[in-house]
Participant: 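Next up is a structure, given as structure tokens.
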Amino acid sequence: MLHCTTEDLLLYLYGELPEEEAERISLLLQQSWSLREKLQVLKEAHGRLEKAPLHMPRQQSIALILQKAKAVRQTVKTSSSL
């Protein structure tokens, strides 16, 4: 059975799979044109992301994230001392 998730293909694309799993996906890619098409779409998306300009987040966004992190940390600290 040809089973390969999008996550598997992304890990394959980024070279983050163990050698045995990468070989399995290589074999699946040889057998399935639809899987090759899916990988090609991911490669193209990856290329577009690599070229996309990065923008700094707004200071308000950073402040909200830090505020939420502080609240979560305090909750964890309080619950672990119980």
Participant: If the condition is side chain to side chain donor-acceptor pair (under 3.5 Å), which residues does Thr75 pass it with, not counting sequence neighbours?
Facilitator: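 With sequence neighbours excluded, Thr75 shows a side chain to side chain donor-acceptor pair (under 3.5 Å) to no residue whatsoever.
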Participant: Considering residues at least two apart in sequence or located in another chain, which fulfil the side-chain contact (heavy atoms from CB on, under 4.5 Å) criterion with Thr6?
Facilitator: Leu10, Lys38, Leu42
Participant: Of all the heavy-atom pairs spanning Arg36 and Gln30, show the shortest one and how long it is.
Facilitator: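 Heavy atoms only, the tightest pair is NH1-O, 3.1 Å.
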Participant: For Glu16, does the CD atom sit with more than 12 other heavy atoms under 6.0 Å from it, leaving out its own atoms?
Facilitator: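 Yes.
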Participant: Apply side chain to side chain donor-acceptor pair (under 3.5 Å) to Glu23 and list each qualifying residue two or more places apart in sequence or on a separate chain.
Facilitator: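 None.
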Participant: Give me the other members of the hydrophobic cluster that Leu49 sits in, counting Ile, Leu, Val, Met, Phe, Trp and Tyr linked by side-chain heavy atoms under 4.5 Å, directly or via other members.
Facilitator: none
Participant: Distance-only criterion, 3.5 Å: show the donor-acceptor pairs between side-chain atoms of residues 62-72 and protein atoms not counting sequence neighbours.
Facilitator:
none

Participant: Determine the minimum heavy-atom distance between Arg24 and His3, stating which atoms define it.
Facilitator: NH1-O, 3.0 Å
Participant: Does some side-chain heavy atom of Ile25 sit less than 4.5 Å from a side-chain heavy atom of Leu35?
Facilitator: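 No - every pair of side-chain heavy atoms lies 4.5 Å or more apart.
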Participant: When rounded to the nearest 0.5 angstrom, what is the spacing between CG in Leu9 and CG in Leu28?
Facilitator: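 Atom-to-atom, Leu9:CG and Leu28:CG are 9.0 Å apart.
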Participant: So which pairs with a foot in residues 22-72 pass ring pair (Phe, Tyr, Trp, His ring centres under 6.0 Å), sequence neighbours left out?
Facilitator: Tyr14-His46
Participant: Considering residues at least two apart in sequence or located in another chain, which fulfil the side-chain contact (heavy atoms from CB on, under 4.5 Å) criterion with Ser34?
Facilitator: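 For Ser34, the residues satisfying side-chain contact (heavy atoms from CB on, under 4.5 Å) (neighbours in sequence not counted) are Ser32.
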Participant: Please list, chain by chain and in numerical order, all residues satisfying side chain to side chain donor-acceptor pair (under 3.5 Å) with Ser61, sequence neighbours excluded.
Facilitator: none
Participant: Report the residues that fulfil side chain to side chain donor-acceptor pair (under 3.5 Å) with Gln40, sequence neighbours left out, ordered by chain and then residue number.
Facilitator: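 Testing Gln40 for side chain to side chain donor-acceptor pair (under 3.5 Å), a comparison that skips the adjacent residues, returns Glu44.
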Participant: Hey, could you give me the CG/SG distance between Leu27 and Cys4, rounded to the nearest 0.5 Å?
Facilitator: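 Between atom CG of Leu27 and atom SG of Cys4 there are 11.5 Å.
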Participant: Can you name the residues that form a side-chain contact (heavy atoms from CB on, under 4.5 Å) with Ala45, not counting sequence neighbours?
Facilitator: Arg48
Participant: Quick one: closest heavy-atom pair of Ser26 and Tyr12, and the distance?
Facilitator: OG-OH, 3.0 Å
